[in-house]
Amino acid sequence: MRKKIIIGNWKMNLDFESSNYLIQEIISKSENINVNIGIAPSFVLLDEAIKNTKYSKIKVFSQNLSEYKSGAYTGEVSASMLLSIGVENVIIGHSERRSIFNENHSILKNKVENALLHNMNVVFCFGEKLEDRKSNNYFKIISKQLKDSLFNLDVNLWNKIILAYEPVWAIGTGETATPEQAQEIHSFVRNLISENYSKTLSEKISILYGGSVKPNNAQSIFSQKDVDGGLIGGASLDSNHFIDIINSI
Ligand code: PGA
């Protein structure tokens with residue numbers, strides 16, 4: 001059985017007080033829920049989030065990390081800094097990092113290798129832009145994204161990897177992939193892993209869907225056989241919406 005996982009990507013939202021409040025709400029409302037739950041606050045809120053979630057089942061994810069180990073990289077945050085405050089999980093390759101901050105395949109590959117070298121768990125995001133979908137080019141784009149940044153990895157490292165399919169045209173737009181569109185890509189990706197590694201590995205990897213998941217569409221997406229959970233942006237900032245989504249899995 002693959003792990004079912006829901007992660008809230010808080011992006012550049014919330015501050016010290018509102019983040020603490022949201023964490024308390026999520027903890028109290030998820031006490032009896034048996035799903036793997038994660039939250040990804042901004043860097044400055046991670047330390048407090050680790051402390052606040054210590055006795056709960058909530059896992060804390062960083063939204064990013066540096067591709068470099070240490071040194072003269074003003075403004076960067078390293079894997080070992082994250083580990084030193086107890087953050088063992090990181091999101092890499094979010095489309096906002098790719099498009100706004102120009103993170104290309106080689107940067108992402110370095111980030112993944114760096115995180116794995118530090119034994120961190122990685123949620124690796126991939127997904128096509130609207131023009132790729134319209135031109136029917138999306139299978140090619142997605143396989144390139146995965147091949148360029150991940151398929152060099154030794155098979156043993158894949159137990160630290162979770163994938164997240166996030167069609168760029170569905171992120172923050174209110175437009176969601178249909179359950180069939182999500183399933184099509186998730187099963188395509190599972191086949192790619194099977195071709196490049198093995199069927200056994202492809203069956204073990206959790207593949208999350210992200211892009212305008214809301215309480216009213218979560219269940220239909222999560223019911224698809226290759227969808228193992230979600231990476232939730234906007235709706236994760238409201239504890240009731242987030243819990244409804246978690247309960248939909
Ligand atoms: P959204 O964001 O749910 O607000 O569309 C998803 C994401 O970017 O991870």
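Read the numbers this way: they start at 1 and go in the same order the structure lists the ligands and their atoms. Source: prediction; values computed, not measured. The first residue in the sequence is number 1, and the count goes up from there.
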Problem - Criterion salt bridge (Lys or Arg N to Asp or Glu O under 4.0 Å) against Asp228, the qualifying member of Lys204, Lys3, Arg2 - result: Arg2
Exercise for the section: Can you sort out which atoms of ligand 1 are near Asn9, meaning under 4.0 Å from one of its heavy atoms? Expected result: 9 (O)
Problem - From the candidates Gly172, Ala164, Gly233, the one that places a heavy atom nearest atom 5 (O) of ligand 1 - result: Gly172
Handout entry: Proximal atoms of ligand 1 relative to Ala170 (non-hydrogen, under 4.0 Å)
Key = 5 (O)
Problem - Closest approach of any protein heavy atom to atom 9 (O) of ligand 1, naming residue and atom - result: Glu166 OE2, 2.8 Å
Completion exercise
atom 4 (O) of ligand 1: of Gly234, Gly174, Pro167, Ser95, the nearest heavy atom sits on Gly234
Problem - Atom indices of ligand 1, in the order listed, that fall short of 4.0 Å to a heavy atom of His94 - result: 7 (C), 8 (O), 9 (O)
Practice task
Would you confirm whether Asp132, through its side chain, and Asn137, through its main-chain N or O, come within 3.5 Å as a donor-acceptor pair?
Solution key: no
Practice task
Work out whether the distance between some heavy atom of Ser236 and some atom of ligand 1 is less than 4.0 Å.
Solution key: no
Handout entry: Side chains of Pro179 and Phe222 in contact at under 4.5 Å (non-hydrogen atoms)
Key = no
Handout entry: Partner of Val189 by side-chain contact (heavy atoms from CB on, under 4.5 Å), out of Phe139, Phe126, Tyr165
Key = Phe126
Hey, can you pull the donor-acceptor pairs under 3.5 Å for the side chains in residues 35-48, sequence neighbours left out?
unit_1 : atom_1 : unit_2 : atom_2 : d
Asn36  : ND2    : Lys4   : O      : 3.1
Asp47  : OD2    : Lys51  : NZ     : 3.2

For residues 241-249, tabulate all N or O donor-acceptor pairs below 3.5 Å that involve a side-chain atom, not counting sequence neighbours.
unit_1 : atom_1 : unit_2 : atom_2 : d
Asn247 : ND2    : Ile243 : O      : 3.4
Ser248 : OG     : Asp244 : O      : 2.8

Exercise for the section: For His94 and Glu96, indicate whether the former's side chain and the latter's backbone hold a donor-acceptor pair under 3.5 Å. Expected result: yes
Problem - Under 4.0 Å to a heavy atom of Ser212 - the qualifying atoms of ligand 1, by number - result: 1 (P), 3 (O), 5 (O)
Practice task
Give yes if a backbone or side-chain nitrogen or oxygen of Lys11 is under 3.5 Å from a nitrogen or oxygen of ligand 1, and no if not.
Solution key: yes
Problem - Any Gly211 heavy atom less than 4.0 Å from ligand 1 - result: yes
